[in-house]
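Just so it is clear, the structure is predicted and the values come from calculations on it, not from any experiment. Order of the sequence lines fixes the chain letters, A, B, ..., with proteins taken first and strands second; residue numbering starts at 1 for each chain.
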Amino acid sequence: MPELPEVETVRLQLRQKVRGKTIACVEVFHPKTVAHDRAIGRKLKGLTIADIDRVGKLLIVSFQDSAHHLLAHLKMTGQFLYVDKGKVSGGGHTLSPIDTTLPSKHTRVAFHLEGGSTLYFNDMRLFGYTKLASPREVEEARAAFGPEPISDTFDVEAFVRGAKKRRTPIKAILLDQSFIAGLGNIYVDEALFRAGVRPTSLGTSLSLPRLRLVAVAARDVLSESIAVGGTTFQHFADTGGEKGNFSDYLRVFGKQNTPCAVCGTNIVKIRCAGRGTHYCPKCQKP
DNA sequence: AATTATGTTGCGGT
DNA sequence: AACCGCAACATAAT
């Protein structure tokens with residue numbers, strides 16, 4: 001579920017809600033979610049959260065007076081839910097995708113904060129994790145990511161040159177986090193629709209101008225989604241349990257067998273790069 | 001009731 | 001090295 005816009009939404013909210021707060025104790029409900037670190041509670045207790053950073057879909061929590069960081073990846077179904085003295089902060093949640101009372105069946109870790117609030121990490125499918133990392137490990141993690149399309153320093157021409165060399169579907173190229181960071185299955189399909197490019201087209205087969213269109217579409221779709229709190233397709237909820245509004249703007253993802261908003265041709269769904277893939281056969285050219 | 005699908009990524013194989 | 005397919009896991013839909 002969570003791709004760059006959803007993780008960024010969570011990051012901005014966590015920044016507001018937990019920055020400056022001190023960890024009172026950590027409750028581990030599932031050891032896999034803390035990378036089987038049995039001492040994580042002892043290590044985190046007393047640390048004050050300095051800031052929340054992000055690279056690609058990875059969250060990086062820093063602490064005052066400590067060189068260590070907490071890395072957190074939501075993978076498919078992870079959620080950070082912030083509860084201030086018994087109430088999920090969003091309030092109006094009509095939460096089908098999230099659990100209404102916390103901790104719940106899917107709560108894997110609870111970070112109890114001084115002052116009585118709690119940050120819950122829920123994760124149905126157990127792919128997500130939180131783990132303590134040394135400065136060196138944080139640097140290694142950062143180095144594994146390619147540039148982000150929303151970065152001020154994103155180099156469209158470098159993207160175009162790199163993609164042009166790869167004899168693999170453009171969809172696979174866009175999903176490669178070490179080449180370009182932040183896109184997942186939803187935003188790749190949406191960006192390729194905007195660019196008018198068929199997901200199955202090989203990088204080597206696309207013209208430089210069409211690859212430029214892809215880069216610009218990727219940047220636009222991510223920034224527009226961030227502006228409305230991300231996309232909820234199935235599981236995403238922000239730290240208050242609220243859904244993301246970009247779901248209303250999806251043009252192809254999940255729209256198979258419905259008419260394209262631009263030309264009326266039915267959107268089709270195929271398998272590409274091992275993933276369910278949606279596109280308009282008329283608007284998107286090979 | 002069994003099979004298939006699911007938004008991520010890392011692994012092992014070609 | 002670049003690329004492909006699958007496994008990790010739980011749940012909902014068919």
d(CG, A/L126; P, C/dA10) in whole Å: 5 Å
Sequence-distant partners of A/R166, salt bridge (charged side-chain N to carboxylate O under 4.0 Å, His left out), two or more places apart: A/D176
Where at least one partner belongs to residues 1-38 of chain A, residue pairs that pass ring pair (Phe, Tyr, Trp, His ring centres under 6.0 Å), sequence neighbours excluded: none
Side-chain N,O (A/K269) to OP1/OP2 (B/dT6) below 4.0 Å: yes
CZ-CD1 distance between A/R19 and A/I49, expressed to the nearest 0.5 angstrom: 11.0 Å
OP1 or OP2 of B/dT8 under 4.0 Å from side-chain N/O of A/H73: no
Contacting residues from residues 165-173 of chain A, given that a heavy atom lies under 4.0 angstrom of DNA chain C: A/R166, A/R167, A/T168
Distance, rounded to the nearest Å, where A/K75 contributes NZ and C/dT11 contributes P: 18 Å
base_contact_polar (B/dT6 base, A/R125 side chain, donor-acceptor, <3.5 Å): yes
Any A/K57 side-chain nitrogen or oxygen under 4.0 Å from OP1 or OP2 of B/dT8: yes
Pairing annotation in dot-bracket form, given for DNA chain C with Watson-Crick or G-U pairs under 3.5 Å and | for cross-strand partners: .|||||||.|||||
Options C/dA10, B/dT6, B/dT8, nucleotide nearest the side-chain atoms of A/R271: B/dT6
Within one Ile-Leu-Val-Met-Phe-Trp-Tyr cluster: A/V61 and A/Y129, side-chain cutoff 4.5 Å: no
Presence of A/K105 side-chain N/O under 4.0 Å of C/dT11 phosphate oxygens OP1/OP2: yes
Donor + acceptor pair across side chains of A/T22, A/T48 (<3.5 Å): yes
CZ-CZ distance between A/F154 and A/F159, expressed to the nearest 0.5 angstrom: 6.0 Å
Sugar-phosphate, base or nothing in reach of A/R108, heavy atoms under 4.0 Å: nothing
Distance, rounded to the nearest Å, where A/L71 contributes CG and B/dT9 contributes C1': 15 Å
Members of residues 175-199 of chain A that approach DNA chain C, where some heavy atom sits under 4.0 Å away: none
Value in whole Å for how far the P atom of C/dA8 lies from CG of A/D123: 17 Å
A/Y187 versus A/T231, side-chain donor and acceptor atoms under 3.5 Å: yes
Touch class at under 4.0 angstrom, heavy-atom based, for A/G276 against every strand present: sugar-phosphate
Hydrophobic cluster of A/V268, others only, ordered by chain and residue number, side-chain cut-off 4.5 Å: A/I270, A/Y279
Measure all distances between protein nitrogen or oxygen atoms and nitrogen or oxygen atoms of nucleotides 12-14 of chain B, and list the pairs falling under 3.5 Å.
none

Rounded distance (Å) that lies between atom P of C/dA10 and atom CG of A/L74: 18 Å
Aromatic contact, A/F121 with A/F80 (centres under 6.0 Å): yes
All salt bridge (charged side-chain N to carboxylate O under 4.0 Å, His left out) counterparts of A/K43, not counting sequence neighbours: A/D37
Nucleotide C/dA8, atom P - distance to NE2 of A/H30 in whole Å: 14 Å
A/Q79 (side chain) donor-acceptor with A/D123 (main chain) under 3.5 angstrom: no
Return the polar atom pairs (N/O with N/O) between nucleotides 12-14 of chain C and the protein under 3.5 Å, or none.
none

A/T277: side chain to side chain donor-acceptor pair (under 3.5 Å) partners, not counting sequence neighbours: A/K171
NZ/NE/NH1/NH2 to OD/OE distance under 4.0 Å, A/R142 and A/D53: yes
Separation of atom NE2 in A/H235 from atom C1' in B/dA5, rounded to whole Å: 12 Å
Salt bridge (charged side-chain N to carboxylate O under 4.0 Å, His left out) partners for A/E137, two or more places apart: none
Nearest-Å distance for atom pair CE/C1', residues A/M76 and C/dT11: 11 Å
Spacing of the P atoms in B/dA1 and C/dC9 (rounded, Å): 25 Å
Electrostatic pair A/E140-A/R136, nearest N-O below 4.0 angstrom: yes
Modelled atom types, side-chain donor and acceptor of A/K21 and A/S117, under 3.5 Å: no
Partner set under salt bridge (charged side-chain N to carboxylate O under 4.0 Å, His left out) for A/R198, not counting sequence neighbours: none
